[in-house]
Each structure stands twice: as C-alpha cells, then as structure tokens.
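Quantities reported herein were computed from a predicted structural model and do not represent experimental measurements.
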Amino acid sequence: MSDLFRSKTVAEARWASFENPTGAKGAGGQTNQGCKGHPFERLEAGETKVLMDVQGSGIIQRMWMTVSDRSPLMLRSLRLDMFWDGAEHSAVSAPLGDFFCAGLGRLVPFENALFSSPEGNSFNMIIPMPFRTRAVVTLTNESDSSLHHLFYDINYSLMAAEADWLYFHAYWNREKRTTLGQDYTILPSIQGTGRLLGVNIGVATDPKYAGSWWGEGEVKLFLDGDTEYPTLVGTGTEDYIGTAWGQDTFTHRYQGCLTWDKTDGSGSFYRFHIPDPIYFRADLRMTIQQIGGAPKEVIAQIAARGGRYKVITADAEGVFTRFLAEDCTKSWEDDSFGAAAWMNFLREDDFSSTAYFYLNRPDNGLPGILEVAARRDSLQHAITSEQNTRTGE
C-alpha cells in the first residue's frame, strides 16, 4: 500500500477486451459511435478466440471473464492458453473453471489472495504475469455446443523488462482413477529456476469407500535433486490447507476449501505459498499420497464392496506402533485390533489439480493438456451438485 501514491510514469496502462482487442492507445469503444456496442462475442463449438496478442514487454496485472454457460461440463471444455515471448508451447493450458479455482467445474462465490468470483458468476485473477517480447492469451471451446456470450478484459501494463522477471505457468492434470500405492502427480518434474505459487485440487471419491475419510495423504515437494524422498512433506491433506480433523468449506486468503459435498464425497481446495515461499534452483516436482483412513469395521465394509485398498498403519492406542505394514508380521485383521481401531489405507479416487508456478523460461516442457473427453469423463459428482444448486434442492 505504501506505493499507491508514487508516480509510475514508466508504465502505460492498457486493457484488452472486445471493445479494444489490441489494447491500442485511443482505439477503445469505437463500435456503435462510441456507445456500448461490442462487449461480448459468441464462441462457437471448436472455435478459438484470441483474447490478447501484444508485442513488447510488460506485465498482465488482472484478468476478468464471464460466460453464459457456467455448467461443470462447459467449464471443463473451455481451454485457456497463454504463450510468452513467441514460445511454441503454451505456458498455461487448463480448463477455464479449474484454472480460476473452480475445481470439478463448480463455481461458487469466493475471494482469496489470487482469485475471486464475487457472486459465483464470474472469474477474476490478480496474478502478475510478465512478458518480454510478446503475450498471447486464447480461449478455445472444445465442447459440442456454442457459447452464446463471452465477456472479458485483460488489464496489463507496458513497461521495460527487468532482469529478474520470471514467467508465469500453470499445469492442469487429472487421473480419473489413481493407482493403488502410487502418489498422484500434481506437478511433474520441471527444470529451471523458479517459485511454486500454489495449487488447487479437486477430489471425487469412489463410492466403494463410503463411510471412510479420504484425506490422510501427505503433500510432497521434491526440490533441487531430491530423488526417492522429498525435502518438504506435509502431515495430511487437510493439514496442508491449514485445517484439521476432517475438512469442510472455508475461504481464507492463502488456503481454503471452496466446495465439499458430504453426500457424494467430492469437492475442491487450494493452498497458495505466498507468505511461505517455495523457491527452487534446478528442479521441482509435487505429488500427494493416495491414503484414506477408517475404523477397522469400515475397512471390512470396503472389502465387501470390492474396493481396492491396502492397510498401512493401525492405531488402537493413539500411536502408530502396533502395526506398520512394512515391518509387521501379523495382519491388520488380527483380533488384537478391535472394530474401532483406526486404519490408514492406500486407496484410489478421482483427482484433478492446477499447479501455479513461476519459471525462468517461457516454455516449461510439460505434457500437454488431456483431451476434452478425458477432462469431462465421469463428472457426475460436479453435475449433480450444480443441478442441485440451481434447483435449490
């Protein structure tokens, strides 16, 4: 706030929108003799719109957008891409909803340090995104239906580039069913110097695990040459976002859980590493374990339903000393463990995520985004919740 009164004559403010798509000086609002004439456009099925294509150096300061169809399927079908400095591959390629913190395509009213949707019908972002020679932002409709209304504006400053500028990147991933015993990959290994900005994660739990808690998995961050074991590791999923003993909805500046449906076991949460920066000098990789927990009697019910699991610890006295999978000679089913003994177990669920980070190069070398069919497949959790929200059920 101390800089608000200082003159910034080296920076030129620009807005890109359908009223002035190039952001050119003195070129805004020319449609309809200066009256409001071009605030939105249609986005046909299969069409790509260029929202911004600017030559020179500067920083995108803010993005705002809204669309007429905000259903989970459409928000997973709209693909947002960003390219810096003429790079062949995009630095950002993510479903519109997930990118703007609407995990599983569920958009609700919220505000945090980087994103907001004041009334649950728009998308706002205030992440600084520098570019040195060119910035291109596009939106592609990969659904099979037209989008009747697309509104947006991108606010940026033109200014001379500085040596320590890093490029903004975002990586979206999804596994419809994670693999038993394998951590879910939030961010594959990236090479270079940079900073992890944060992540938002969507989870849709498998009904076979009904009655159990899904979030015992620990976040792992492998930094600068870490191989088998990470330097940074959490203590549980809800612990990572600053809560404890389960997880329900809340919105804080740097951590929160925007949606959680206790009936079907699905929702989304976020954590931003702004007050606790995570820098890397050579490489970075981020994962989260696929671990749940339940009393022994619930594990037996999961087994009866055909759920895949592997018990890894058992706690009958408040400490994990009576059973550790790697060195115990008896089974967790042993009679010495009562029906209420707490068991942590490996499991398989539907995980999706968007990781946000800065990197010292415009191309991150990561795999491309999944095809639209794989992004939308089995979104029934989100569809049901969205329909219930509309009908007030």
Side-chain angles (χ1 to χ4, degrees), residues 10-14 16 23 48 50-65 79-96 98-101 113-115 123-140 152 154-173 185-200 221-224 270-274 277-286 353-369:
V10 296
E12 300 180 27
R14 295 288 186 270
T48 296
V50 177
L51 306 183
M52 175 182 179
D53 188 348
V54 172
Q55 304 278 350
S57 60
I59 302 175
I60 295 175
Q61 311 282 10
R62 172 184 176 269
M63 293 181 63
W64 165 84
M65 195 176 305
R79 192 188 78 231
L80 181 67
D81 290 278
M82 303 182 195
F83 302 81
W84 311 128
D85 294 359
E88 180 181 356
H89 302 290
S90 58
V92 173
S93 190
L96 181 71
D98 294 75
F99 178 82
F100 281 94
C101 247
L114 302 178
F115 300 94
F123 307 89
N124 292 272
M125 179 190 70
I126 51 171
I127 301 176
M129 298 184 288
F131 53 96
R132 287 178 168 81
T133 61
R134 188 183 183 189
V136 178
V137 180
T138 66
L139 186 68
T140 302
Y152 82 98
I154 300 175
N155 312 138
Y156 59 99
S157 300
L158 296 176
M159 63 181 74
E162 298 183 19
D164 62 350
W165 280 5
L166 297 173
Y167 296 97
F168 174 76
H169 295 254
Y171 174 75
W172 185 83
N173 191 26
T185 298
I186 298 171
L187 183 62
S189 181
I190 52 173
Q191 312 299 310
T193 300
R195 173 181 180 170
L196 176 67
L197 194 56
V199 64
N200 80 74
L221 285 154
F222 299 80
L223 302 172
D224 300 333
Y270 62 89
R271 167 80 183 274
F272 301 135
H273 295 279
I274 297 176
I278 296 175
Y279 299 108
F280 55 95
R281 295 179 177 84
D283 57 82
L284 170 69
R285 179 165 62 93
M286 185 177 187
S353 58
T354 308
Y356 312 96
F357 60 99
Y358 287 109
L359 193 63
N360 64 337
R361 52 195 180 91
D363 190 333
N364 53 46
L366 293 173
I369 191 172

Just wondering, do [Y] and [X] contact through their side chains at under 4.5 Å, heavy atoms?
X      : Y      : answer
Phe99  : Met82  : yes
Ile60  : Phe131 : yes
Thr354 : Cys101 : no
Thr48  : Asp81  : no
Leu139 : Met65  : yes
Arg134 : Asp53  : yes
Val137 : Val92  : no

Without swapping roles, check the side chain of [X] against the backbone of [Y] for a donor-acceptor pair under 3.5 Å.
X      : Y      : answer
Arg195 : Leu197 : no
His273 : Val199 : no
Ser57  : Met159 : yes
Thr193 : Arg281 : yes
Asn155 : Gln61  : no
Asn173 : Thr185 : yes

Contact summary for [X] and [Y], nearest pair of heavy atoms:
X      : Y      : value
Pro367 : Tyr171 : O-CE1, 3.7 Å
Pro95  : Ile369 : CD-CD1, 3.7 Å
Asp224 : Ala282 : OD1-N, 2.7 Å
Val50  : Tyr152 : O-OH, 4.5 Å
Phe280 : Gly192 : CD1-O, 3.3 Å

Distance, nearest 0.5 Å, that separates CZ of Phe100 from CG of Leu80: 6.0 Å
Atom pair CD (Gln191) and CG (Leu359), whose distance is rounded to the nearest 0.5 Å: 9.5 Å
Validation: residues 161-168 side-chain donor-acceptor distances under 3.5 Å, sequence neighbours left out:
unit_1, atom_1, unit_2, atom_2, d
Tyr167, OH, Asp85, OD2, 2.4
Tyr167, OH, Arg132, NH1, 3.3

Parallel, tilted or perpendicular: which describes the rings of Tyr356 and Phe115, with under 30° parallel and over 60° perpendicular? tilted
Could you pull out all residues at least two apart from Asp283 that satisfy salt bridge (charged side-chain N to carboxylate O under 4.0 Å, His left out)? none
Please determine which of Met52, Met63, Arg62 meets the side-chain contact (heavy atoms from CB on, under 4.5 Å) test together with Tyr156. Met52
